[in-house]
Amino acid sequence: MRIREVEVIPLRIPFTRPFKISRGYVGAPGRPGEHVYLKVVTSDGEVGWGEARPMPSWMYETMESVYTTLKKYLSEVLIGEDPYSIIKIHRKMDKIIAPAVTSGQPFAKSAVDIALHDLIGKLMGVPIHKILGGKVHDYVDMSAIISGSPDTIADYAKEMWRRGYRCFKLKIMGDVEEDYLLIKTLNETIPQGLIWLDANQAYTSYSLHLLLKRISAVENIICIEQPVPTYDFHGLSRIVRKSPIPIAVDESLFSHYDLIKLISMNALDILVLKVAKSGIRTSMKIYALAEAAGLSCMGSGMTESGVGFTAALHVFSTMDLIAPADINGPQFLEDMLVKGLVIEGAKAMVPNSPGLGVEVDERKLEEYRVEVKI
Ligand SMILES: [Mg+2]
């Protein structure tokens with residue numbers, strides 16, 4: 001049995017509410033999210049699904065680059081291969097698009113990695129979590145994303161609390177006074193809620209010091225994620241030495257190669273895992289290295305729809321994360337494009353059917369499909 005056919009499907013999925021971070025819009029009504037679905041078909045007719053969720057203001061890949069990377073380069077790697085040969089296929093992908101300093105088009109490679117795991121799970125008749133060692137949790141607790149201004153976030157935070165969310169990931173923008181107001185408002189609105197701050201690179205080690213002084217009395221802050229730019233490992237290291245609040249790293253960490261550098265520089269307390277940026281296989285490698293280094297992990301996402309979201313459920317179900325995962329497609333997207341996903345309040349159930357364990361609704365793909373113009 002070999003991989004016979006690969007289809008690359010670019011999509012735009014509308015946002016039901018605005019989501020803004022320090023680097024710009026993730027999406028909003030009228031500003032749909034861009035996704036690329038990957039369909040991998042074997043000679044036996046079995047189908048594996050992958051998803052990439054490019055967001056160029058966050059990381060350099062675009063919908064167009066993911067499309068051309070998959071279509072022109074990585075499809076060629078897949079055709080004729082045994083889908084069980086994930087190690088060999090990753091080596092071939094890294095040969096054709098070199099992981100020079102970066103992981104080399106990691107979002108596009110993640111779509112391939114997810115599709116292969118879906119396919120292998122279906123061929124073996126087991127859910128992906130069993131391929132990874134088996135789930136230790138039946139569901140994944142989710143955090144609620146909070147982004148906006150002090151006068152708009154309170155009502156929404158209350159609504160999410162009523163829906164069962166207990167951890168609130170607040171997007172801060174890099175202005176000490178405005179961010180302090182946001183944090184204070186959230187803390188006063190939901191005094192028992194855990195607060196996970198994400199600056200998305202908006203601070204320097206100096207300006208973060210000012211924010212830390214300003215928020216010293218606010219309890220319940222579990223971490224500050226990615227305070228400084230992606231390349232600023234020295235800044236992270238200075239902050240980790242001084243900050244009373246643990247520092248989490250996201251945009252500075254895509255692979256276990258990045259993690260060993262961060263560990264050697266004492267530049268993090270917590271790391272943020274995302275299947276969207278590392279795929280399934282590299283996420284497991286990062287997790288193993290984190291365990292050896294005594295580092296705690298958090299789970300996050302890129303507002304992926306059903307395929308990427310469910311891949312994250314399988315991965316996170318095998319781990320002990322220190323906070324509810326910020327996997328946020330269901331919070332923002334008009335449609336998740338799959339059947340069989342079960343979400344109760346803030347809990348997303350881990351599927352037990354083969355592969356991803358959800359069924360891609362191909363009629364929906366046609367509804368949201370777009371032409372890539374280059
Ligand atoms: Mg982040």
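It should be emphasised that the depicted structure is a prediction, and the values quoted were computed from it without experimental measurement. Atoms within a ligand are numbered from 1 in the order they appear, just like the ligands themselves.
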Practice task
Have a look at Glu225 and say which of its N, O or S atoms is nearest the Mg ion (ligand 1).
Solution key: OE2

Problem - Asp250 near the Mg ion (ligand 1) via N/O/S, less than 2.8 Å - result: yes

Handout entry: Flag for Glu334-Tyr368: side-chain donor and acceptor within less than 3.5 Å
Key = yes

Practice task
Give a yes or no on whether Glu251 keeps an N, O or S atom under 2.8 Å from the Mg ion (ligand 1).
Solution key: no

Problem - Atom nearest to the Mg ion (ligand 1) - Asp198, N, O or S atoms considered - result: OD2

Exercise for the section: Could you tell me whether Arg17 sits above the aromatic face of Tyr156, with NZ or CZ closer than 6.0 angstrom to the six-membered ring centre and within 45 degrees of the axis? Expected result: yes

Exercise for the section: Would you please classify the geometry between the Trp58 ring and the Phe254 ring as parallel, tilted or perpendicular, with 30° and 60° separating the classes? Expected result: tilted

Completion exercise
Which of Met336, Met349, Glu359 passes side chain to side chain contact (heavy atoms under 4.5 Å, CB included) with Leu341? It is Met336

